[in-house]
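For reference, the structure discussed in these notes is given below.
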Amino acid sequence: MQRGSRNLWSHLTTELWEEFFSDPSQWWDTRNDKRNPRFPDFKHKISKKALWIGNRSNPPWVHARLAAMVQYQEQRESFFPTPEVSGRAVRTEQLWQEFFSDPSQWWDNRFIKKSPKYPDFRHKSTHEGLWIEGWLNPSWVKEKMAPMAFGQIQSGGGFGGWLPNSFCNIDNVNKLCQEGQLKEAVDMVELMVQRNIQAPINAYICLLKACARRKDLTEGNRVHALIVQSGLESDIFLGKSLVDMYAKCGSVLDARKVFDTMTEHNIFSWTAIISAYANNGQCEEAIKLFQQMQQTAGIVPDKVAFVVVLNACARVAALEQGKQLHSDIITSGFESDVVIGNTLVHMYAKCGCIEHARQVFDKMSERDVVSWSAMIAGYGQNGLVKEALALYEQMTQEGVHPDNVTYVILLKACTSIAALEWGKQLHFDIIRSGFESDVIVRNTLLDMYAKCGCIQRAREVFDKMSKRDVVSWNSMIAGYVKWGCIEDAREIFNEMNERDVVSWNAMIAGYAQQGLGKEALALYEQMKQEGMRTDDVTFVGLLKACASIAALEKGKQLHSHIIKSGFESDVILGSALVDMYARCGCIEEAREVFNNMNKRDLVSWNGMIAGYTQHGLGREALALYEQMKQEDVQPDKVTYVSLLKACATVAALEQGQQLHSEIIKSGYQLDVVIGNTLVDMYAKCGCLEHARWVFNKTRERDVVSWNAMIAGYAHLGLGKPALALYEQMKQEGVKPDDVTYILLLKACASIAALEQGKQLHAHIIKSGFELNVTVNSSLVNMYAKCGSMEHARQVFNNIYERDVVSWNAMLAGYAQQGLGKEAITLLEQMQREGTKPNDVTYVSILSACSHCGLVDEGRHLFDSMCKEHGVPTHHGSLCLHG
């Protein structure tokens, strides 16, 4: 039945359309006048029958035949030859002529019309309408409309300064802002203000939000000026939006000025200014303002305000204020809110109060993935990685699915303790959960593998990344740098299409760490050529590079650049400058930089103390430590190591013992590095009993510990105890290094223990140290002092690359044995091979001449030394007359 009705209706509609197309002049065209889709497009003049173009019962050929009728510009009269239609066309043309003669008499509805049925322009008095796309329009309308486009209207060009009230509305402003045309949007409102037309408040709010998103302070200031000019500065909502805009643009001072000038405040404006301080690092002030809001203004905080101030407490570890806020939250009834609960967990964890964080977490009636992630992050940040991983297991067991943030937190926790196996398991879970393609998760995975020493797996993750950002590349570079793969790091660096300052800094730091100062400085020059701006981290790396190769002049140039760049007051750079000057031998310049530092941290003090110690100025180092204590700076392990070395250089036993007492009180006595340095200090101060006591008390002894004790015996000529300690070292399974063998050979030489020396020689060959130049020089010295010149010469001849120490060892052996002629012959060979003699060389050769009566040869050599090498005369005099 229904189908039959539809068929009948379609048949009747088809008949009406056929009647219409047979004589259109019998139909009124109401398309331009209809105000509602229910009104017909065409109505018969006599029968009043109606037709709708969009009717679903229309025959399929209707649109095609109507399209033919759109050629109204040429055929209008043939289609509608009636006087009525012709009259309407004439009236339309007259209206357009009136419009172009004085547009100010017409409302411009183009920007606010919600439907094509609304006219584009309406006369202010007669309310007659005009449509730009009207089919009765004369042909010249669109041509004359072209110069009156939006941009022209805006500048007052086409309309002679006319601007309709409908020009500026929230939709137009919002559209421009969304399209990234913020300046044009502000221009729109500015033109309204210039024409004394009130722009909607929502338009200003929309503009301020756009300025905040783009951090565009310039346009934000313009909007603020327009608000003041419009007399809307007292509006509380605009005030809040202004505070928020200035805060997000980083201008807290302007945000505070706006807040202070507001005649009325509500919870929104208070929250905005509190957020302004908190988000710009001034958390203490944010907390004070929150308290002022409660106590002075009497405003009750809402959920958002609590979240903001809790985050402020978290950033500065303000535990007591956080606890008070927790109490206020309970009183306010927000404790059950999941967002509040998550923020409380975060606050307690950041304040190091992990037990309170867990209590809040356990009491939460509703937990989402953010809750679990916050608690896991709390464990990770407080070094409780096992607890973090256990909570992750509980989370999955309870059916809560981790998100990408959860995995990033867990991977960072694994990285902090180099938990590679757990990291691999998480990698598997990430793949299974579908987060492997997430670029942040992949970057964190890469970083985890690199920092855990699994650089190959890190590279595999990197190579499989379909999309890499600059963090991906920088993480790979940092991984290679960390493990000394500087060439691989440079290869990745060279492949980067786009580098940031972090990329350059990582490479410069890598070269500096490897002692490749020249390469680091060359890269800096390339960095400047490519127009990359340096930062404080760049300069730190470059200063380390200068220190590694003693490039003093370049270091001074960098110092000048640092001052020009405005980084002079940076405490980290100040410490790096102190270190650079000290390691370049300019201890006075280092002290000058140190004294001129406005603020000094522990690193600064340690750098200056280490500088004095490295130059043998132990007394100055100890005096500086006294000043450090007076300024209430607490020493750390690095401080004590430098001070103990300072005591060793000047044999300051009493100060060393005082430091030992401080170390015990500070809890550093079990540290292996501290223990080794204590052994060395006591040994060099001649107090071997104390040295051995510390050595025996050291729980975890490494090869450095054994070397320190052996060195103590060897330096005092106590060869037998040194060799006995070596036997104990082997029994405990500690593998000797090259330093161990050098010290033991010295011990053998001191007591002429040739047989033990030969045994050590055999061990050296087995251990693969026979090519070590320093070890070979020590072997030559040992054999020579044990009187076995044949063995000494044999070792000497087998040295692949001889340095001046090797030659001096052999010459000293000849001198000790009274073999003057052999010593002179060796000196001549040394000079032929291009090795430059030093003071020790000439002392040895002159001593050899003196011992075997070769006075004339000795005097000839002495004169040659004074003439060619500028050797001080007292050396030769002592040897020839000794």
Side-chain angles (χ1 to χ4, degrees), residues 453-456 480-488 510 513-516 548 672-673 676 679-680 695 698 700-715 719-813 830 833 835:
C454 197
I455 198 70
Q456 188 58 41
Y480 278 131
V481 164
K482 179 179 174 66
W483 299 103
C485 307
I486 197 69
E487 292 180 3
D488 293 311
Q513 289 166 16
Q514 297 291 316
L516 302 170
S548 69
V672 66
V673 177
N676 296 344
V679 169
D680 180 70
F695 176 80
T698 304
E700 295 182 8
R701 293 191 289 253
D702 57 11
V703 66
V704 179
S705 315
W706 293 90
N707 289 348
M709 196 63 238
I710 291 170
Y713 286 126
H715 290 323
K720 287 184 178 180
L723 293 168
L725 195 62
Y726 171 59
E727 292 301 321
Q728 182 184 342
M729 176 183 179
K730 288 193 293 181
Q731 289 171 7
E732 294 191 17
V734 180
K735 192 175 180 179
D737 61 7
D738 55 340
V739 177
T740 316
Y741 287 120
I742 290 166
L743 293 168
L744 290 167
L745 289 170
K746 182 178 180 180
C748 290
S750 68
I751 59 172
L754 182 59
E755 289 307 314
Q756 289 93 328
K758 287 180 178 180
Q759 290 174 15
L760 285 170
H761 192 172
H763 289 312
I764 287 166
I765 294 169
K766 287 180 182 178
S767 301
F769 291 116
E770 70 274 15
L771 298 178
N772 186 297
V773 177
T774 309
V775 171
N776 278 318
S777 299
S778 299
L779 275 168
V780 170
N781 179 66
M782 182 274 295
Y783 279 124
K785 288 190 176 179
C786 289
S788 183
M789 292 306 298
E790 185 179 346
H791 282 87
R793 188 60 194 247
Q794 185 180 355
V795 172
F796 178 80
N797 290 339
N798 289 331
I799 298 175
Y800 181 69
E801 289 185 5
R802 292 187 282 262
D803 59 7
V804 69
V805 178
S806 313
W807 291 95
N808 288 346
M810 197 66 224
L811 286 168
M830 177 183 180
E833 292 188 14
T835 303

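Keep in mind it's a predicted model, so treat the numbers as computed, not measured.
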Set of residues satisfying side chain to side chain donor-acceptor pair (under 3.5 Å) with respect to [X], sequence neighbours excluded:
X: Arg802; value: Glu833
X: Lys758; value: none
X: Thr698; value: none

In Å, rounded to the nearest 0.5 Å, how long is the span from [atom1] of [X] to [atom2] of [Y]?
X: Leu779; Y: Gln794; atom1: CG; atom2: CD; answer: 11.0 Å
X: Gln759; Y: Leu754; atom1: CD; atom2: CG; answer: 10.0 Å
X: Ser777; Y: Ile799; atom1: OG; atom2: CD1; answer: 5.0 Å
X: Thr740; Y: His763; atom1: OG1; atom2: NE2; answer: 12.5 Å
X: Ser767; Y: Asp737; atom1: OG; atom2: CG; answer: 10.0 Å
X: Lys785; Y: Cys748; atom1: NZ; atom2: SG; answer: 12.0 Å

Under the side-chain contact (heavy atoms from CB on, under 4.5 Å) test, which residues partner [X], sequence neighbours left out?
X: Asn676; value: Val672, Asp702, Val704, Ser705
X: Leu743; value: Asn707, Ile710, Ala711, Val739
X: Val804; value: Asn808, Met830, Thr835, Asn838, Thr841
X: Ala812; value: Ser844

Heavy-atom closest contact ([X] atom, [Y] atom, distance):
X: Ala722; Y: Leu744; value: O-CD2, 3.8 Å
X: Gly510; Y: Ile486; value: C-CD1, 3.5 Å
X: Lys720; Y: Ile751; value: N-CD1, 3.8 Å
X: Gln513; Y: Val481; value: OE1-CG1, 3.7 Å
X: Ala784; Y: Gly813; value: CB-CA, 3.4 Å
X: Ala753; Y: Cys786; value: N-SG, 3.8 Å

Distance-only donor-acceptor check, side chains Ser778 and Asn781, under 3.5 Å: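 Asn781 and Ser778 do not have a side-chain donor-acceptor pair below 3.5 Å.
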
Taking salt bridge (Lys or Arg N to Asp or Glu O under 4.0 Å) as the definition, give me every residue that meets it alongside [X], ordered by chain and number, with sequence neighbours left out.
X: Arg701; result: Glu732
X: Glu727; result: Lys730
X: Lys482; result: none
X: Glu790; result: none

With heavy-atom distances below 4.5 Å as the criterion, would you say the side chains of [X] and [Y] are in contact?
X: Leu745; Y: Ile764; result: yes
X: His761; Y: Glu770; result: no
X: Met782; Y: Leu760; result: no
X: Thr774; Y: Ile742; result: yes

From CA spacing to verdict: side chain to side chain contact (heavy atoms under 4.5 Å, CB included), Val795, His791: CA-CA 6 Å; Val795 172; His791 282 87; 5.5 Å; no

Phe796 backbone acceptor or donor facing Asn776 side chain under 3.5 Å: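 No, Asn776 side chain to Phe796 backbone: no donor-acceptor pair under 3.5 Å.
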
Pairwise ring-ring contact (aromatic ring centres under 6.0 Å, His included) hits with a residue in residues 726-753, at least two apart: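 Every ring-ring contact (aromatic ring centres under 6.0 Å, His included) pair that includes a residue of residues 726-753, provided the two are not neighbours, is Tyr741-Phe769.
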
Derivation and outcome, side chain to side chain contact (heavy atoms under 4.5 Å, CB included), residues Tyr800 and Val773: CA-CA 8 Å; Tyr800 181 69; Val773 177; over 6 Å; no

